[in-house]
Amino acid sequence: MVGMDKKVKYNVDKFYYENHRVSKNGTETGLNIYEKNNGKLEGGRQHDPIYNDENVGKQIYTFGCSWTYGWDIKQEETFTHLLGDENTSVHNYGAGGTGLDFAVKTLSEVYIPESRRQIFIITVPHYFRRTWFDDDGVVMKPWQVKEKVNINEYNNYSNFLHNYELLNRFIGCDKIIWGTWDRDLPEEYFDVFFERVDYTPDRLHPGPKAHKQYAEKIKDVLQDRFK
């Protein structure tokens, strides 16, 4: 493949398998998915501090961007945590700045085909976000792809639909609750919408009240689908 030298291949592998920044000449140029705010590397929130019993009947996994992660709010205030109870363990795989492609990749790493206890909640970020490398093998920040790469809306929508149909067919649409906060996508694809009824200090992310409201919406779907 043109341009696929060792350097590019190494960067792609590093990003895909390690989920860390990609460096160029000693300078970090890519995205660290666990950078919470103010340059702090807070780590992932996959392990809930309270609802983490692997033996209970429901195992809920959430995927998405910083809205799922809970940017600038406590882990106990995230909608993921609020879904937990004595019969439900929760696993927050939200990763700041990522797109649906990263969510699908991460879900594939935790999916257990023989399990009857796994439930997946995917909150789709802006659907133009995706992993994209420049010709030097440096990964762009997903939210900058729309600014730097000429991708029309048909291809953006096709990318979303591809991942959406792939998961529904191979995981099972009965195991997935689809949410989003981007109203550019057709509403009929989604079970719930994440409304930003309050804000974090940066005015870009949902606050604790929004997370609580979103959790209640998801609980309604869970009650209907998993009686």
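Treat the numbers as computed from the prediction; the structure is a model and nothing was measured. Computation of the quantities below employed the complete heavy-atom set of this structure, encompassing side-chain atoms and omitting hydrogens, waters and symmetry-equivalent molecules.
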Hey, are the side chains of [X] and [Y] touching, using non-hydrogen atoms and a 4.5 Å cut-off?
{"X": "Pro125", "Y": "Trp143", "result": "no"}
{"X": "Tyr111", "Y": "Lys175", "result": "yes"}
{"X": "Thr123", "Y": "Phe79", "result": "yes"}
{"X": "Val192", "Y": "Tyr214", "result": "yes"}
{"X": "Cys173", "Y": "Tyr164", "result": "no"}
{"X": "Ile119", "Y": "Lys58", "result": "yes"}
{"X": "Thr88", "Y": "Ile60", "result": "yes"}
{"X": "Val110", "Y": "Tyr93", "result": "yes"}

Tyr189 and Trp178 aromatic centres sub-6.0 Å
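Judged by ring-centre distance (under 6.0 Å), Tyr189 and Trp178 do not meet the cut-off.
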Kindly work out whether a path of hydrophobic side-chain contacts (I/L/V/M/F/W/Y, heavy atoms less than 4.5 Å apart) joins [X] to [Y].
{"X": "Trp71", "Y": "Val197", "result": "no"}
{"X": "Tyr154", "Y": "Val145", "result": "no"}
{"X": "Leu185", "Y": "Leu166", "result": "yes"}
{"X": "Phe226", "Y": "Val56", "result": "no"}
{"X": "Leu82", "Y": "Phe63", "result": "no"}

Could you label the plane-to-plane angle of the Phe128 and His126 rings as parallel, tilted or perpendicular, counting under 30° as parallel and over 60° as perpendicular?
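The rings of Phe128 and His126 lie parallel, inter-plane angle below 30°.
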Any idea how Tyr61 and His91 line up, ring-wise: parallel (<30°), tilted (30 to 60°), or perpendicular (>60°)?
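Aromatic pair Tyr61/His91 classed parallel.
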Take Val104 and Leu167 through the side-chain contact (heavy atoms from CB on, under 4.5 Å) test and state the conclusion after the steps.
CA-CA 8 Å; Val104 172; Leu167 288 186; 3.7 Å; yes
So, are [X] and [Y] salt-bridged, with charged N and O less than 4.0 Å apart?
{"X": "Lys209", "Y": "Glu77", "answer": "no"}
{"X": "Glu216", "Y": "Lys212", "answer": "no"}
{"X": "Asp134", "Y": "Lys148", "answer": "no"}

What are the two closest non-hydrogen atoms of Ile122 and Ile176, and how far apart are they?
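Residues Ile122 and Ile176, closest heavy atoms: CD1-CG2, 3.9 Å.
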Distance-minimising heavy-atom pair for Phe160 and Leu100:
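The answer is CD1-CD2, 3.7 Å.
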Which is it for Thr98 and Arg129 under the side-chain contact (heavy atoms from CB on, under 4.5 Å) test, yes or no, and what are the steps along the way?
CA-CA 7 Å; Thr98 57; Arg129 285 186 185 176; 6.0 Å; no
Walk me through it: do Asn156 and Arg130 pass the test side-chain contact (heavy atoms from CB on, under 4.5 Å)?
CA-CA 9 Å; Asn156 280 331; Arg130 69 192 72 175; 2.6 Å; yes
What I want to check is whether the side chains of Thr62 and Thr68 have a donor and an acceptor closer together than 3.5 Å.
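Side chains of Thr62 and Thr68: no pair found under 3.5 Å.
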When you compare the side chains of Tyr127 and Glu153, does any donor N or O come within less than 3.5 Å of an acceptor on the partner?
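On atom types as modelled, these side chains qualify, holding a pair under 3.5 Å.
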Measuring from Ile171:CD1 to Phe120:CZ, what's the distance to the nearest 0.5 Å?
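Rounded to the nearest 0.5 Å, the CD1-CZ separation comes to 5.5 Å.
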In Å, rounded to the nearest 0.5 Å, how long is the span from CG of Asn152 to OG of Ser158?
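One gets 9.5 Å once the value is rounded to the nearest 0.5 Å.
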Arg183, CZ: over 12 other non-hydrogen atoms inside 6.0 angstrom
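Counting neighbours around CZ of Arg183, more than 12 heavy atoms of other residues, nucleotides or ligands fall under 6.0 Å, so yes.
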Before giving the answer on side-chain contact (heavy atoms from CB on, under 4.5 Å), spell out for Glu187 and Phe193 the whole-Å C-alpha distance, their side-chain angles and the decisive distance to 0.1 Å.
CA-CA 9 Å; Glu187 293 191 8; Phe193 285 89; 3.5 Å; yes
May I have the step-by-step check of side chain to side chain donor-acceptor pair (under 3.5 Å) for Asp182 and Thr180, ending in yes or no?
CA-CA 6 Å; Asp182 189 344; Thr180 189; 5.8 Å; no
Using the rule given for ring-ring contact (aromatic ring centres under 6.0 Å, His included), can you reason through Tyr199 versus His205, listing the C-alpha separation, both sets of side-chain angles and the distance that settles it, and then say yes or no?
CA-CA 6 Å; Tyr199 300 81; His205 295 87; over 10 Å; no
